[in-house]
Amino acid sequence: MRQFIIGFCISLLVVSIVACSSKQQNFTTKYPIPFESAVNVLSNDLFKTVEEQQSTLDKLIKTQIVIDPFIDEASGNIVQASKDIEQALVDKSLGREHSYKITSMTSQNIREADYVMNGVIYSEPYKVPGLEDAVIYYRLASSVVDLASGKIVANTHAWISDLNLEYQPTPLYKDSPLFIKDKRVESLIVTARSPVGSDASSEYLSTIETSALLAEAQLAYDKEDYAKALSLFTQASEKADAQILKTYVGLYETNRQLNQMEAAKEALYNLLVVSINLNQKINLKLLFDVDSTDFIDDQILRDEYHIWLEQIVRYFRNNEQCMYVLGHSSNTGTAEYNENLSLTRAKQIQIVLSGYFPAIMQRSKAMGKGFTENISGLGTDDARDAIDRRVEFRIVDCADI
């Protein structure tokens, strides 16, 4: 009955929005609507805003808009829904007469582009009329940036009524040993959420060409063209502004896929160093089953865990530093229960590390954070909040151990 009521309410809202759309030049959805409709509303709003700001001369020359892949705001992942949004936006510009051309971002077209469009997908509670409890829905936020001025010229949001989007990470993000969320990702999130007239993040703009190269490398990886992906990630690694997580994740995964394990391990070690230098932590995907101290049910991932832990040990052998081993849990159950569960997860990893390097027991401290530092915080106990059931490592002063 609950789902029927939700569906009925949403259907009425969609009819109202569609009926009114012909009378409106710009709008964003105040109500959840189906995924395809939400993407359509978002694109209409953004592109109409861009067209309205163009001069007559601009409209005679086709404006180039490139799409920086949308990301999941909580994890920094590019997910399948991101690709579906991107494809829908590209398709929208095909077969119709527009003053703009939309393409996916590459290292070639970013140099010729007039605008870049970016966006995030996130989850948020929505109060459905007639229901006591809020329902968690997905939402889109997107901006269009004028690359000449660095100004945000369009921004919109759209609710999505689909409760189960295609949310599995795309291959590189699925295979990645770390959550690829760093200052580069944060700069995209800030830009995607910023209002019209504001400046895009300087970090985002100054690194956009490198981001385009990495997006191209990621696409090659996702298509299983590992030799091309390795070449592009290697090219990126030579750039000063590419000393970021995604670059070394790419080098690790492409070498691993090509069965070049020594090169893969070296890339992974460099990835840990970069992560520590940037964030003073290592946020490995050491994920656990719901309400359990067993690793998540993914055999390929489990097989890699030992490689990851060996490289952590290598780092601490080479560096006189100390760390907290921090266990986390998802947002269900009591605070006391989850604190104990997360502490047990942290101790389990600490013991595994000591098997490689006994001195790690004196240079580390296991701590349980429960759900106090959730990234997702949804409490859905499924793939959407798997990121909350993790163990991570934070570099600290050895006097604090």
Side-chain angles (χ1 to χ4, degrees), residues 75 174-181 245 248-249 252 256 264-265 268-269 271-276 278-333 335-376 381 383 385-398 400-401:
S75 65
K174 179 179 182 297
D175 295 343
S176 170
L178 270 73
F179 294 103
I180 313 176
K181 191 170 183 181
L245 301 182
Y248 291 97
V249 165
Y252 167 65
R256 188 178 67 83
K265 290 178 181 178
L268 178 59
Y269 181 77
L271 174 60
L272 301 183
V273 172
V274 168
S275 181
I276 291 170
L278 290 176
N279 306 314
Q280 287 297 293
K281 66 179 181 179
I282 306 170
N283 198 2
L284 280 174
K285 284 184 184 173
L286 293 169
L287 305 180
F288 294 80
D289 281 338
V290 175
D291 194 30
S292 174
T293 57
D294 293 332
F295 286 133
I296 198 167
D297 187 17
D298 184 328
Q299 191 57 50
I300 295 176
L301 202 55
R302 288 182 176 192
D303 289 344
E304 285 193 74
Y305 282 0
H306 292 292
I307 296 175
W308 303 352
L309 294 174
E310 283 175 353
Q311 296 309 308
I312 289 177
V313 166
R314 175 184 170 190
Y315 178 85
F316 281 95
R317 280 197 177 112
N318 293 340
N319 296 274
E320 292 294 328
Q321 291 179 298
C322 296
M323 65 175 172
Y324 290 152
V325 182
L326 302 174
H328 300 273
S329 65
S330 50
N331 191 13
T332 53
E336 182 181 3
Y337 174 83
N338 279 283
E339 184 176 336
N340 290 333
L341 175 62
S342 60
L343 177 59
T344 303
R345 288 169 173 168
K347 286 181 176 179
Q348 180 175 314
I349 296 299
Q350 188 185 35
I351 290 169
V352 172
L353 288 172
S354 70
Y356 296 105
F357 184 42
I360 208 71
M361 296 300 290
Q362 285 72 51
R363 291 169 56 187
S364 66
K365 180 179 180 179
M367 302 175 67
K369 306 299 288 186
F371 47 64
T372 60
E373 295 183 6
N374 276 177
I375 295 174
S376 166
D381 282 344
D385 66 347
I387 189 173
D388 292 334
R389 299 183 296 277
R390 70 193 188 280
V391 166
E392 63 183 358
F393 309 90
R394 191 170 298 165
I395 306 302
V396 296
D397 193 308
C398 288
D400 295 330
I401 297 299

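As a basis for the values below, the full set of heavy atoms in this structure was taken, side chains included, without hydrogen atoms, waters or symmetry mates. Nothing here was measured: the structure is a model prediction, and the numbers come from that model.
- The closest donor-acceptor contact from the side chain of Ser354 to the backbone of Ile351 lies under 3.5 Å.
- Applying the salt bridge (Lys or Arg N to Asp or Glu O under 4.0 Å) criterion to Asp385, with sequence neighbours excluded, gives Arg389.
- Proximity of Ile395 to Cys322: side-chain heavy atoms (C-beta onward) are nowhere separated by under 4.5 Å.
- For the side chain to side chain donor-acceptor pair (under 3.5 Å) test, residues two or more places apart in sequence or in another chain that qualify with Ser330 are Asp381.
- Scanning for side chain to side chain contact (heavy atoms under 4.5 Å, CB included) contacts around Leu343 gives Lys347, Ala366, with sequence neighbours left out.
- Here the side chains of Ser75 and Ile375 are not in contact, with every heavy-atom distance at 4.5 Å or above.
- Side chains of Val249 and Leu271 form a contact here, defined as non-hydrogen atoms less than 4.5 Å apart.
- Side-chain atoms of Tyr305 come within 3.5 Å of backbone N or O of Leu287 as a donor-acceptor pair.
- Within a 6.0 Å sphere centred on CD of Glu339, other residues, nucleotides and ligands contribute 12 heavy atoms or fewer.
- In terms of modelled atom types and a separation under 3.5 Å, the side chain of Gln321 and the main chain of Phe316 share no donor-acceptor contact.
- Judged by distance alone, with hydrogens and angles left aside, the side-chain atoms of Gln280 form a donor-acceptor pair with the main-chain N or O of Ile276 at under 3.5 Å.
- Contact between Phe371 and Ala335 at its shortest, heavy atoms only, is CZ-CA, 3.8 Å.
- In this structure, Leu341 and Ser292 approach most closely via the heavy-atom pair CD1-O, 3.9 Å.
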Task: Residues Met323, Ile360; criterion side chain to side chain contact (heavy atoms under 4.5 Å, CB included); working and verdict - done: CA-CA 9 Å; Met323 65 175 172; Ile360 208 71; 3.8 Å; yes
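- Listed by chain and residue number, nothing satisfies the side chain to side chain donor-acceptor pair (under 3.5 Å) test with Tyr324 (two or more places apart in sequence, or in another chain).
- Residues satisfying the side chain to side chain contact (heavy atoms under 4.5 Å, CB included) criterion with Val313, sequence neighbours excluded, are Arg317, Leu353, Tyr356, Phe357.
- Residues that satisfy the ring pair (Phe, Tyr, Trp, His ring centres under 6.0 Å) test with Tyr248, not counting sequence neighbours, are absent from this structure.
- Legend: residues meeting salt bridge (Lys or Arg N to Asp or Glu O under 4.0 Å) with Arg363, ordered by chain and number and at least two apart, are absent.
- Geometrically, Lys281 does not engage Phe393 in a cation-pi contact defined by less than 6.0 Å to the ring centre and at most 45° from the axis.
- Judged by distance alone, with hydrogens and angles left aside, the side-chain atoms of Asp294 form no donor-acceptor pair with the main-chain N or O of Asp289 at under 3.5 Å.
- Partners of Gln311 under the side chain to side chain contact (heavy atoms under 4.5 Å, CB included) rule, at least two apart in sequence or in another chain, are Lys265, Leu268, Tyr269, Leu272, Arg314.
- For Arg390, the salt bridge (Lys or Arg N to Asp or Glu O under 4.0 Å) partners two or more places apart in sequence, or in a different chain, are Glu392.
- Of all the heavy atoms in Ser364 and Val325, the pair that sits closest is CB-CG2, 4.1 Å.
- Using a 4.5 Å cut-off on side-chain heavy atoms (C-beta onward), Asn319 and Val273 make no contact.
- Under the side-chain contact (heavy atoms from CB on, under 4.5 Å) rule, Val391 has a single partner from Ile282, Ile349, Leu284, which is Ile349.
- Under the side chain to side chain contact (heavy atoms under 4.5 Å, CB included) criterion, Asn340 pairs with Glu336, sequence neighbours left out.
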TODO: Might you work through the salt bridge (Lys or Arg N to Asp or Glu O under 4.0 Å) test for Glu304 and Arg256, ending with a clear yes or no?
DONE: CA-CA 10 Å; Glu304 285 193 74; Arg256 188 178 67 83; 3.4 Å; yes
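- In terms of the salt bridge (Lys or Arg N to Asp or Glu O under 4.0 Å) criterion, residue partners of Glu373 (sequence neighbours excluded) are, by chain and number, Lys369, Arg394.
- Applying the side chain to side chain donor-acceptor pair (under 3.5 Å) criterion to Ser342, with sequence neighbours excluded, gives no partner residue.
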